[in-house]
Amino acid sequence: MPGLALTGCALLLVAGTAQAPAAAPSPCPTPAAGRPTVVLVHGAWADTSSWNGEIKALQRAGYDVRAVGNPLRGLTEDARTVRDFLNGLTGPVVLVGHSYGGSVITNAAAGDRDVKALVYVDAAVPDVGETTAQLSGAGSALGGDPATLYDRVPYSGASGGAADLYLKRQVFVRSFASDLPRGEALRLWAAQRAASTAAFQTPSKAAAWKTIPSWSFIATGDQIIVPASQQAMAERAGSRVTRFAGGSHLALVSQPAAVTRVIQEAICSVR
């Protein structure tokens, strides 16, 4: 990904196994009253149920965890929705974003002193002025003809020619959810939430990773935001990186145990 100034970052390699169950992590040696709330933000063509495996494991470990409905209307509006939710919480927060949700948390956390850690899961990590669409990287499955990738649907109140995008079935099954059983991938495709073109085309107004410690989970099988692009963004942010061998863009669904371990690292960093 051209133009990124790279810096050093810690790297952890994790071997992948298909459909690994999310066992409860061991709680950090922190008094319950001092534990952060984990807030999970989903990406495009998904909803809060994407985080079911992680929620189950974190709750079993005794953590307060919430998944926020991402409106998928536009980066500024979506970040404001998450920020409003954060304003209703008390105490430290670990903020986690998947895919486009990474752009959202990058903006929502800016200037919020309660957000102590950012976790990016197969996610965009934009700098100020960058759009999510710019960050998928060379070779992304989303780099082809839009007519072959999306079903485009106008929606009421859209401005600037914005429209809703739905991933076409073959793109969703083969590229978006490529490590899931076909039946499960088809169910998720049928239930996908549309994302406005404005979500991908709005420039980021902030880069919270410049002041907040971050972690990045990178599935090497991701065909949507390619691993090379994720690695470059993580290095720029100085993130602690976990590279998961295999997986897909929906590793949060197919590999919740591996994703939960990275979230746990961020939780344990909060003092």
Side-chain angles (χ1 to χ4, degrees), residues 14-25 40-60 65-72 96-102 119-124 136-137 139-153 164-196 199-200 217-227 230 242-263:
V14 178
T17 56
Q19 296 289 332
L40 308 168
V41 181
H42 65 81
W45 307 301
D47 60 22
T48 55
S49 67
S50 304
W51 296 110
N52 281 353
E54 290 81 1
I55 291 171
K56 184 176 181 180
L58 291 167
Q59 286 183 334
R60 285 205 304 264
V65 56
R66 304 290 298 276
V68 181
N70 185 352
L72 306 177
V96 186
H98 170 246
S99 188
Y100 164 68
V119 182
Y120 295 97
V121 179
D122 292 321
S136 294
S140 168
L142 300 185
D145 180 357
T148 69
L149 297 172
Y150 311 109
D151 293 316
R152 186 183 179 100
V153 180
D164 271 340
L165 299 179
Y166 292 86
L167 281 181
K168 288 184 177 292
R169 180 169 64 181
Q170 69 272 20
V171 178
F172 195 105
V173 173
R174 296 176 184 175
S175 301
F176 194 73
S178 55
D179 72 330
L180 288 171
R182 180 175 175 82
E184 184 176 359
L186 285 171
R187 287 192 295 273
L188 292 174
W189 166 78
Q192 69 177 288
R193 288 185 55 222
S196 171
F200 308 112
F217 174 97
I218 301 172
T220 62
D222 194 337
Q223 301 176 47
I224 301 299
I225 305 179
V226 299
Q230 291 186 51
T242 295
R243 289 181 65 92
F244 181 87
S248 71
H249 193 60
L250 286 187
L252 77 167
V253 177
S254 62
Q255 306 292 341
V259 174
T260 299
R261 284 194 292 271
V262 176
I263 297 172

Going by atom types alone, do His249 and Ser175 pair a side-chain donor with an acceptor below 3.5 Å?
no

For Gln230 and Asp122 the tightest heavy-atom approach is OE1-CA, 3.1 Å

- Item | Heavy atoms from other residues, nucleotides or ligands near CZ of Arg193 exceed 12 (cutoff 6.0 Å) | yes

If you apply the rule side-chain contact (heavy atoms from CB on, under 4.5 Å), what do you find for Lys168 with Tyr150, and how did you get there? CA-CA 5 Å; Lys168 288 184 177 292; Tyr150 311 109; 5.6 Å; no

Report task. In sequence, state the C-alpha distance, the side-chain angles, and the governing distance for Thr48 and Val68, and then conclude on side-chain contact (heavy atoms from CB on, under 4.5 Å). Result -> CA-CA 7 Å; Thr48 55; Val68 181; 5.8 Å; no

Whether Thr148 side chain and Asp145 backbone form a donor-acceptor pair below 3.5 Å = yes

In this structure, CG of Leu252 is separated from NE2 of His42 (nearest 0.5 Å) by 10.5 Å

The side-chain contact (heavy atoms from CB on, under 4.5 Å) partners of Ala194 (sequence neighbours excluded) come to Asp164, Tyr166

Centroid separation Phe244 to Phe217 less than 6.0 Å:
yes

Correct closest heavy-atom pair for Thr220 and Gly246 would be OG1-N, 2.7 Å

To the nearest 0.5 Å, atom CD1 of Ile225 lies from atom NE2 of His98 at 7.5 Å

For Trp51 and Val96, the nearest pair of non-hydrogen atoms, with its separation, is CH2-CG1, 3.6 Å

